[in-house]
Number of protein chains: 2
Amino acid sequence: MPQGKIALNKKQGPDLAVTIYDVARAAGVGIGTVSRAMNNANHIHPDTRKRIMEIASQLNYQPNGVAQRLARRKTFTIASVVPFFFNYFYLDLLKYIQNELGHCHYDLFVYSIDRFDNMNQVFDRVLAERKTDGILILSLELGADYAEKFRHAKVPVVLVDATHAQLDSIVIANRKGALVATEHLIHLGHRRIGMINGDLNSFPARSRLQGFHEAMQHHGLELDPIVMRMCDAQTGAHGFNEQAGYLAMQELLALKSALPTALFIAADVQAVGAMRAIHEARLRIPDDIAIVGFDDIDFSKYIGLTTMKQPLQEMARLAVQRLLLCMECRPDGDFHLELNPKLVVRQTCGAKKQPVIVSV
Amino acid sequence: MPQGKIALNKKQGPDLAVTIYDVARAAGVGIGTVSRAMNNANHIHPDTRKRIMEIASQLNYQPNGVAQRLARRKTFTIASVVPFFFNYFYLDLLKYIQNELGHCHYDLFVYSIDRFDNMNQVFDRVLAERKTDGILILSLELGADYAEKFRHAKVPVVLVDATHAQLDSIVIANRKGALVATEHLIHLGHRRIGMINGDLNSFPARSRLQGFHEAMQHHGLELDPIVMRMCDAQTGAHGFNEQAGYLAMQELLALKSALPTALFIAADVQAVGAMRAIHEARLRIPDDIAIVGFDDIDFSKYIGLTTMKQPLQEMARLAVQRLLLCMECRPDGDFHLELNPKLVVRQTCGAKKQPVIVSV
DNA sequence: TCAGTTCATGGAAGGGCTTCCATGAACAAA
DNA sequence: TTTGTTCATGGAAGCCCTTCCATGAACTGA
């Protein structure tokens, strides 16, 4: 009986972590001094620090990050919410964000959203428990209720590739980018230009449509609704996916002689699908149809897709910068940044004859 | 002077977080009772719980996650180390991992590795500070020193898509997959079959080569070194990239009449590059050259690439499962799992005439 | 009625750090 | 010598929880 009791003493072995007290005892100093040594603080004698550091490494002492975070009242962690299912765009963005944060010794939580209908659930989770010092939300359109929640959250929030009047945001200049892309086709001599777009419920889809309109109108060109395809959201990702592009292109191909000579396609993934449909129809790109996309996903360079390149790294850098700033001083004023995409000319627009490989 | 002192009183406002003490006071109970209420623990009267929960939500009380983690001596966080630059394979894997962890209310730290030469630095960071309960390492080959470090780390480690004798691991059956892929080509009647592979310093490259060998030998076919291309690692990612595939294919195309009638290409990204080279050379796939790849990256279905599909979701599920198990009971025995990839037949192998769209 | 049991409750201890205040040694200036 | 000043140091208090133990009310059965 008593043996049984002794057997299940609570400390089950693995909890033999070395603490700051162990180091202090071993070094014959106080815990405050050890803390100062570990944190490279002032008011400590160089010799003392050296001795403590040696003993610490001898004992294999690692400060407990959780205890530090509690005592410092700071988590050194940023949360990111990512619509993972969407497209590979986010991988790059995330990579850059992680790099930026790494430089400042911040850790990154990643929460993926795989269905729009559980988005708010994920948000609640991110907002709960104050585990992070800041939040980055990628490419998600918030409802008014959650925008409000985020605005009054204890931690600052920055939207990346999405915007909301009440929250800091960084977006690509979608309208302007679409305008540049469309004008590129116009300058190449095209007059009958169509567009494949995503669901107009999505913010980028609306802006890109607007840019397309402006370019066409500015050059006095006709906007024929027949050659405009807004993919619906049913296939997922607001219609910004390969399948939707493929189907939209098939519809356009059915127009036969009414087919436009050029297309602005609002997302590279859609362009990939559209190109598949065109190949199947035995038409040639750019000779029969010229194409300009938008995004410059990794794959675009492999298929020679002329497109609008999003400055992802810049976006990541600025978003992190802003977030860190908000974390330390909660600046007043709003912050709404627009970054210009850049035209990357490859083969599908017909401006060049030789294959162009744009290095990453 | 005194004013100056008063002005910079330490609490700068934002620290008005509600604590468990505030709730206890407001409810007229002890903090233990509030804790029990919040955690749905036993030994609390239903009425009391209800009252406390109401007051808590009224005060907008959120338990401090960091304090919980300290008190519970558990972080509820898993770290993942990902060679982000590599290819999009990881995005899916990560997505599944995050989903699995989300179900168990674990958070996920993501650390990206963008250069192999700072890999160990990242590892040190992950091992430091005991911020996590477990570690997942994706597709990275550890040196003996770090394998040892991880083995003796305070937290369990599982390798995913990589293996090491001393550590738990889950890998794809690369050898067997390569064998199946090659046999598929053999069954289609091909006799002169070549291979494009990555740098043999990488584990998957070696295994896939081995599977290729076995298939060929088993069917009494000749292994002509001239049609075997091991891309070197200079272009990055152990030669598993589009550019390397493109260049390797150009070398093969220079063989003219000695060109193989079929190719097993060890990574889909390489296959993409190879296909580009073939198109440029005005040859047809699969008529002039049949191709089977490996990985089934998202893009493969768009280009009709026949390939070996990696069971990523399964891999993620099992890895997380194993990690959680290790966290609670540190099982003895080793854990080395191999999952079989599955042949996905599309157009590039020539087995089918019609375009096949494999839905995601 | 009384000992025994169950269970809701309060609150101290503990988790491992940072930080602030007090102390006293060493040194400088008068 | 005395009075300051500077600075390394020790350690209590505090960060915000969970958990365990002690308490006493309520109930049970004899």
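Order of the sequence lines fixes the chain letters, A, B, ..., with proteins taken first and strands second; residue numbering starts at 1 for each chain. On a predicted model such as this, the values are computed, not experimentally measured, just so you know.
One interatomic measurement links the two molecules: CZ of B:Arg72 to P of D:dC20, which rounds to 13 Å at whole-angstrom precision. Distance CZ (B:Phe76) to P (D:dC17): 15 Å, rounded to an integer number of Å. Counting to the nearest Å, the P atom of D:dC17 and the CG atom of B:Leu70 are 12 Å from each other. In this entry the distance linking CZ of A:Arg69 with C1' of D:dC17 reads 17 Å, nearest Å. Counting to the nearest Å, the C1' atom of D:dG11 and the CZ atom of A:Arg25 are 14 Å from each other. Going from atom CG of B:Asn39 over to atom C1' of D:dC20 covers 15 Å, rounded to whole Å. Counting to the nearest Å, the P atom of C:dG14 and the CD1 atom of B:Ile31 are 14 Å from each other. A straight line from CG of B:Asn42 to P of D:dC20 spans 13 Å, rounded to a whole angstrom.
B:Asp47 has no carboxylate O lying under 4.0 Å from a charged side-chain N of B:Lys50, or vice versa, which leaves the two without a salt bridge. Between A:Glu314 and A:Arg317 there is a salt bridge, since a side-chain N of the basic residue sits under 4.0 Å from a carboxylate O of the acidic one. Contact check on B:Arg51 versus B:Glu54 returns no salt bridge, with no Lys/Arg side-chain nitrogen under 4.0 Å from an Asp/Glu carboxylate oxygen. Under a 4.0 Å N-O distance rule, the pair B:Asp107/B:Lys131 does not qualify as a salt bridge.
Both B:Val34 and B:Ala67 lie close to DNA chain C; mapped to their nearest nucleotides by heavy-atom distance, the more 5′-ward contact belongs to B:Val34. In terms of position on DNA chain C, the residue among B:Pro46 and A:Gln68 whose nearest nucleotide sits closer to the 5' end is B:Pro46.
Within the 4.5 Å cutoff, side-chain heavy atoms of A:Ile113 are placed close to those of A:Asn118. Looking at heavy atoms from C-beta onward, B:Asp161 lies out of side-chain contact with B:Ile170 at the 4.5 angstrom threshold. B:Arg49 places none of its side-chain heavy atoms less than 4.5 Å from the side chain of B:Arg36. Inter-residue side-chain proximity for A:Leu325 and A:Pro331 is flagged as met; some heavy-atom pair is nearer than 4.5 Å.
With hydrogens and angles left out, the side chain of B:Tyr21 and the base of D:dC15 share no donor-acceptor pair within 3.5 Å. The base of C:dG10 sits with one of its N or O atoms less than 3.5 Å from a complementary donor or acceptor on the side chain of B:Arg36.
Neither OP1 nor OP2 of C:dA8 sits under 4.0 Å from any side-chain N or O of B:Thr48. Note on A:Arg73: every side-chain N or O is 4.0 Å or more away from OP1 and OP2 of D:dC15.
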Check nucleotides 4-7 of chain D against the protein and report each pair of N or O atoms closer than 3.5 Å, with its distance, or say if there are none.
none

Report all interatomic pairs (protein N or O, nucleotide N or O of nucleotides 24-27 of chain C) with separations under 3.5 Å.
none

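At the heavy-atom level, A:Val66 lies nowhere under 4.0 Å from the strands shown.
If you check residues 55-64 of chain A against DNA chain D, you find no residue with a heavy atom closer than 4.0 Å.
Counting only N and O atoms by type, the side chains of A:Arg72 and A:Asn39 include a donor and acceptor under 3.5 Å apart.
Ring centroid separation for the pair A:Tyr111 and A:Phe123 does not come in under the 6.0 Å cut-off.
Among D:dA8, C:dT18, C:dG14, the nucleotide with an atom closest to any side-chain atom of A:His45 is D:dA8. Comparing D:dG10, D:dT19, D:dC15 against the side chain of B:Ser35 picks out D:dT19 as the nearest.
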Test log, rule side-chain hydrogen bond (donor to acceptor under 3.5 Å, both in side chains), inputs A:Asn64 and A:Arg69: CA-CA 9 Å; A:Asn64 180 317; A:Arg69 284 154 201 240; over 6 Å; no
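Taking a 6.0 Å sphere around CD of A:Glu148, one finds it holds more than 12 heavy atoms contributed by other residues, nucleotides or ligands.
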